[in-house]
Amino acid sequence: MKAQFKHYNIEDYEAVCDFLIELNRENQNHINWNWARFEWMMEHPEFDKSLIDSIGLWLDGEKVVGAAIYDMYFGEAFCGALPGYSDLYDEILDYAYRNLKDENGLGIAICDENVKENASVKRAGFTLSEQSETVMSIRLSEPLPVQLPEHFCITELDPTKEPYAFQWLLWQGFDHGTDREVFEHEGDLISEIPVFRRHFDPTLSIAAESSDGEYVSYCCLWYSDKADYAYVEPVCTVPSYRGKGIAKAVIYEALNRARALGAKKAYVISDTKFYKKLGFEKEYRFSFYWKKPLTVNGTEYHIFKLLGKGKGGYSYLAQLNGR
């Protein structure tokens, strides 16, 4: 049966999550775009929801077998197709470029180990850049030691119950400053958070609390019993409490809880020494390819095939955009 195209709507949410889980089941060549990243992004304050129906889906019956999803806003995107539907990839890629690019074109991150998709983006006129992202992982075969300094304790932090405290912690932890007046004036405070994320588990939302009742460090994990891994997002610590082992304890507590639920591994998008010290190892590297609009005398053309490179530069097949 030929896959049918449709534009995304909110009723497709669970089907897209299931698609991303299945996409990463046989191998993790798309683990940088797992279901939890999709879930985190969809309610992120920077995510442009006005563009949401531009997300493209390919369905076999009611099952999502391919998708093109912009990352926060136009200009970067994810493209993927389930095993058995890889012949859709070129069509998905073409849709993404035509519909999800911005004035600078479109960027896509491809796993260095994914030979077919690397070849596909090159054929489509995308050029390899120096930009990349790394996915690190840690195996959860044994419990991890949770050791906090004196005068701190581990607690759960539920944004739906303590929205102000949660937002104030993230404001400080992501280096926006420690002035409450500035935070309350510029922080776009949400007075109520009735639902944080659809699959949010408050038992995996872990904070360190000081003896005076201040939250100083935070880690949230995302886990589904449909998968065997957890995803780390976000992690932050108030600057004055860094370097004391507090974040390590918070992360290890969250990882231990995910392990108890069935997670065998945890992933984080990072290549920092901080995670390496915690036991995470680099597992996948994703290189960014970019395709910029071709404009001649004010007319935009769509590059749909790279012919090769000669003395004068690259040669492409192109047509008027939209034709």
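Bear in mind the structure is a predicted one, so any value in this text is a computation, not a measurement. Along the sequence shown, the residues carry numbers beginning at 1.
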Between His44 and Glu39, a side-chain donor and acceptor under 3.5 Å | no
Is the closest side-chain donor-acceptor distance between Tyr229 and Gln28 under 3.5 Å?
-> no
Any side-chain donor paired with an acceptor under 3.5 Å for Ser210 and Tyr241?
-> no
Give a yes or no on whether a salt bridge exists between Arg257 and Asp201, defined as a side-chain N under 4.0 angstrom from a carboxylate O.
-> no
Residue pair Glu283 / Ser137, side-chain donor-acceptor N/O under 3.5 Å = yes
Test: Arg37 cationic atom under 6.0 Å from Trp40 six-membered ring centre, within 45° of axis | no
Hey, can you tell me if Phe280 and Tyr275 have their rings parallel, tilted or perpendicular (30° and 60° cut-offs)?
-> perpendicular
Answer yes when Glu150 and Lys244 have at least one side-chain N-carboxylate O distance shorter than 4.0 Å, and no when they do not.
-> no
May I ask you to decide whether Lys63 forms a salt bridge with Glu22, counting only side-chain N to carboxylate O separations under 4.0 Å?
-> yes
Residues sharing Val115's hydrophobic cluster, by side-chain heavy-atom contacts under 4.5 Å among ILVMFWY, directly or via others?
-> none
Connected-component partners of Val182 among ILVMFWY, side-chain separation under 4.5 Å = Tyr164, Trp168, Trp171, Phe183, Leu189
Arg123/Asp90 salt bridge by N-O under 4.0 Å criterion | yes
Just checking, is any N or O donor in the side chain of Tyr85 or Asp60 under 3.5 Å from an acceptor N or O on the other one?
-> yes
Taking the side chain as every heavy atom from C-beta outward, state whether Leu255 and Leu278 have any atom pair closer than 4.5 Å.
-> no
